[in-house]
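To start, the structure itself, in structure tokens.
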Amino acid sequence: MTAPSAPQLRARKRRNAKDAIVMVTAYDEPGGRLAGAAGVDMILVGDSVGNVVMGHETTMRVTVSDMEHHVRAVASARPNAHIVGDMPWLSYHVDRADTVRNAAAIIRAGAHSVKLEGGANRLEAVRAILDAEIPVVGHIGLTPQSVLAFGGFKVQAKTKSAAEQLLDEALALQAAGIFAVVIEGVPSEVGSMITRALDIPTIGIGAGPDTDGQVLVWHDLLGLGNRAPAKFVRQYVDLNAVISGALSQYVADVRGASFPAEHETYPTPATFHEA
Ligand code: KIV
């Protein structure tokens, strides 16, 4: 089995729930390996790495070289999943040549496509990257790189006119040639309306049940975050508790002299004490 290509995913407009595109974020080799083995279609090496791995408040401190580093780690797992590398803030708000150079760095690190945030204001960047033969995923709605401009992480498209504007942006991105679009933080009805209107697959996060696929952040899904998850998150396991328990046990075992045990040590060779 090989990772699905951009054209194969482009053709995966949902017919029914069984065909839904499954995407999850990952940031390192174990993440890529486990996500691939679980059968996800797409792994997003998201700039959410800035929040969940690097501990920053926003994604705006993430650089292209951070993204290259994490894409390289995920790609080293060679998962049977399409790897999308996020373009960080200010890597595509620059001139055409720098935009393409930054997208290429993420592809050379091992991604199969790149994702960038924004609508009509990013069409030039999308076209430049596509011109360099690099497939692009869009990202609209509550775009985290706009958090300072939005004045916080706020659900978007809450009025009819804002929803219609978002739809126009999605249609413009589709016309420019993106092969899929992430829709984040909008009312379910807006997720549904945009999904019905587009020919390309939509992948929702906090956009309701009707998008063509879903994406969740690794740390949210697995209970590894350092704050209460957002309303749209389904947490499948509490790894904070599992890992804390294991580490506390390790501390107790070392201090209680029960680790290492005999079977966890190298025996002294019989010849060791011979002169
Ligand atoms: O960076 C990221 O993880 C993302 C998802 C929230 C879609 O962009």
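In listed order, ligands and their atoms are each counted from 1.
Residue contact check: Asp86 has heavy atoms under 4.0 Å from atoms 1 (O), 2 (C), 8 (O) of ligand 1. Every atom of ligand 1 is numbered from 1 in the order shown, and the set under 4.0 Å from a heavy atom of Gly46 is 1 (O), 2 (C), 3 (O). Distances below 4.0 Å separate heavy atoms of His139 from the following atoms of ligand 1: 7 (C), 8 (O). Atoms of ligand 1 lying under 4.0 Å from at least one heavy atom of Glu184, given by number and element, are 6 (C).
At a heavy-atom cutoff of 4.0 Å, ligand 1 is contacted by no atom of Thr59, backbone or side chain. Under 4.0 Å from ligand 1, the heavy atoms of Thr25 that appear belong solely to its side chain.
Put simply, no part of Met23 is less than 4.0 Å from ligand 1, judged by heavy atoms.
The 12-atom threshold is not exceeded at OH of Tyr250, counting heavy atoms of other residues, nucleotides or ligands nearer than 6.0 Å. Other residues, nucleotides and ligands contribute at most 12 non-hydrogen atoms within 6.0 Å of the CD atom of Glu57. By the neighbour-count criterion of 12 heavy atoms within 6.0 Å, atom NE2 of His69 is sparsely surrounded, having that number or fewer from other residues, nucleotides or ligands. More than 12 heavy atoms of other residues, nucleotides or ligands lie within 6.0 Å of CZ in Arg33, so this atom counts as buried by the packing criterion.
Among all non-hydrogen protein atoms, the one lying nearest atom 3 (O) of ligand 1 is Ser48 OG, 2.5 Å. Protein heavy atom closest to atom 8 (O) of ligand 1, with residue, atom name and distance, is Lys115 NZ, 2.9 Å.
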Test side-chain contact (heavy atoms from CB on, under 4.5 Å) applied to Val137 and Val181, step by step:
CA-CA 5 Å; Val137 176; Val181 63; 5.7 Å; no
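Residue nearest to atom 5 (C) of ligand 1, selected from Leu44, Val45, Val215, Val24: Leu44 (by heavy-atom distance).
No side-chain N or O of Arg72 forms a donor-acceptor pair with one of Ser76 less than 3.5 Å apart.
In this structure, the side chain of Asp66 does not engage the main chain of Val62 through any donor-acceptor pair within 3.5 Å.
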